[in-house]
Amino acid sequence: TSRSFSQLRSHSERPPFGIAFDIDGVILRGNTPIGGSPQALRRLYNECGTLKIPYVFLTNGGGVRESKRAFELSKLLGVNILPSQVIQGHSLFKQLVNRFENELIIAVGKGEPAAVMSEYGFKNVLSIDEYASYFDNIDPLAQYKKWTTKQHSLSADSVDWSRDIQVLCDILRTGGLPGREVAHQPPLYFANDDLEYQAIFPSERLGMGAFRIALESIFNRIHPNALEYTSFGKPNPSVFKNAETVLMQHAPSPYHNLQVVNHAHGGDHIFKTLYMIGDNPSVDIKGAQQAGHPWFSVLTRTGVFKGKENHAEYPADLFGLFLLLHHLLSLPLFV
Ligand code: G3P
Ligand code: MG
């Protein structure tokens, strides 16, 4: 295997590369494509629509099932995106199914977090809306929130920091049954720890990391033990390792087969370079740097980062492209 692997490497004129695209602030702002992102993505396919260059979306966003997100992205960007090409902040929660399959999971967040968790294989999932609906007066401010009724009738999860912080503090102190105290705080997982991200509004919006800080500050004042939690998503090295594996699965044959075999024998994969194209230095660029070879980071100025010089703390390998992606893809770097 290793002989054929190295033969292929040496005979190949173009060792394959792969690309991980951040979504918010690189590909989209809200639901609007940035720059030439649809045209750039089209260049990653041949005329018959077969994928030429393996790529994934590596986003810290989420709230919907990967299959639904792939469908929505395909519509917005005009290419056929597979669910396996969409890696969201919570995608690696799947790894927790073995541990928590039959435990009660309370899912918090925008979109349909409970449906996402059920699809991953958790058997016993409630949205925080459903959980809160079992208790009268759990949120003393509910009567002032005119929008709550409307959201419930649409059966979408409300995104309500005051209610969610209150209810999460209840659950974390009591294990879910009000009135008692538990010795051990139930495990808490965040899908990412992004302080801010770039949405449609001109300046950055507060992300899940900001929500975590709010919850943690309050919990630590009302509880003797500090909040324990784990944050998934970029910049964790495991996210980049997982992206490498997924990119490998999308590599065109014969590379794909050789890579899978070589990887299974503990060898390196065939990618010469994997590009992480992101807008957030402390998330996307830091993550690619920590992941090391073969990751190569590209920092755009279309989202969170708007500086004129490369970022001081997490300088990208390539910086300052005012991302018209098709320009980027025509650089010698990619040939
Ligand atoms: O909520 C989304 C945000 O935290 C980041 O998304 O695509 O920039 O990783 P993205
Ligand atoms: Mg981003």
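The first residue of the sequence shown is numbered 1, and numbering continues consecutively from there. The analysis underlying the following values was restricted to heavy atoms, covering all of them including side chains, and did not include hydrogens, waters or symmetry mates. Whatever order the structure lists them in is the order used to number ligands and atoms, beginning at 1.
The residues Glu103 and Lys123 are annotated as not salt-bridged, no charged nitrogen and carboxylate oxygen being separated by less than 4.0 angstrom. The pair Glu244-Lys241 meets the salt-bridge criterion, since a charged nitrogen lies less than 4.0 angstrom from a carboxylate oxygen.
Classified by interplanar angle (parallel below 30°, tilted 30° to 60°, perpendicular above 60°), the ring pair Phe57/Tyr55 is perpendicular.
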N or O contacts of ligand 1 with protein under 3.5 Å, please list pair by pair.
residue  : atom  : partner : partner atom : Å
ligand 1 : 4 (O) : Asp194  : OD2          : 2.8
ligand 1 : 6 (O) : Asp24   : OD2          : 3.1
ligand 1 : 6 (O) : Thr59   : OG1          : 3.4
ligand 1 : 7 (O) : Asp22   : OD1          : 3.4
ligand 1 : 7 (O) : Ile23   : N            : 3.0
ligand 1 : 7 (O) : Asp24   : N            : 2.8
ligand 1 : 7 (O) : Thr59   : OG1          : 2.6
ligand 1 : 8 (O) : Asp22   : OD1          : 2.9
ligand 1 : 8 (O) : Asp22   : OD2          : 3.0
ligand 1 : 8 (O) : Asp24   : O            : 3.0
ligand 1 : 9 (O) : Asp22   : OD1          : 2.8
ligand 1 : 9 (O) : Asn60   : N            : 2.8
ligand 1 : 9 (O) : Lys234  : NZ           : 2.9

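At a threshold of 4.5 Å between non-hydrogen side-chain atoms, the residues Tyr314 and Gln289 count as touching.
Shown here are the salt bridge (charged side-chain N to carboxylate O under 4.0 Å, His left out) partners of Glu228, two or more places apart in sequence or in another chain: there are none.
Ring centroid separation for the pair Phe232 and Phe190 does not come in under the 6.0 Å cut-off. Aromatic ring centres of Phe100 and Phe122: separated by at least 6.0 Å. Between Phe305 and Phe319, the ring centre distance stays below 6.0 Å.
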Donor-acceptor contacts under 3.5 Å from residues 233-240 side chains, at least two apart:
residue : atom : partner : partner atom : Å
Lys234  : NZ   : Asp22   : OD1          : 2.6
Lys234  : NZ   : Leu58   : O            : 2.7
Lys234  : NZ   : Asp284  : OD1          : 2.8
Asn236  : ND2  : Ser231  : O            : 3.0
Asn236  : ND2  : Gly233  : O            : 2.8

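Counting only distances under 2.8 Å, and ignoring water, the protein N, O or S atoms around the Mg ion (ligand 2) are Asp22 OD2, Asp24 O, Asp279 OD1.
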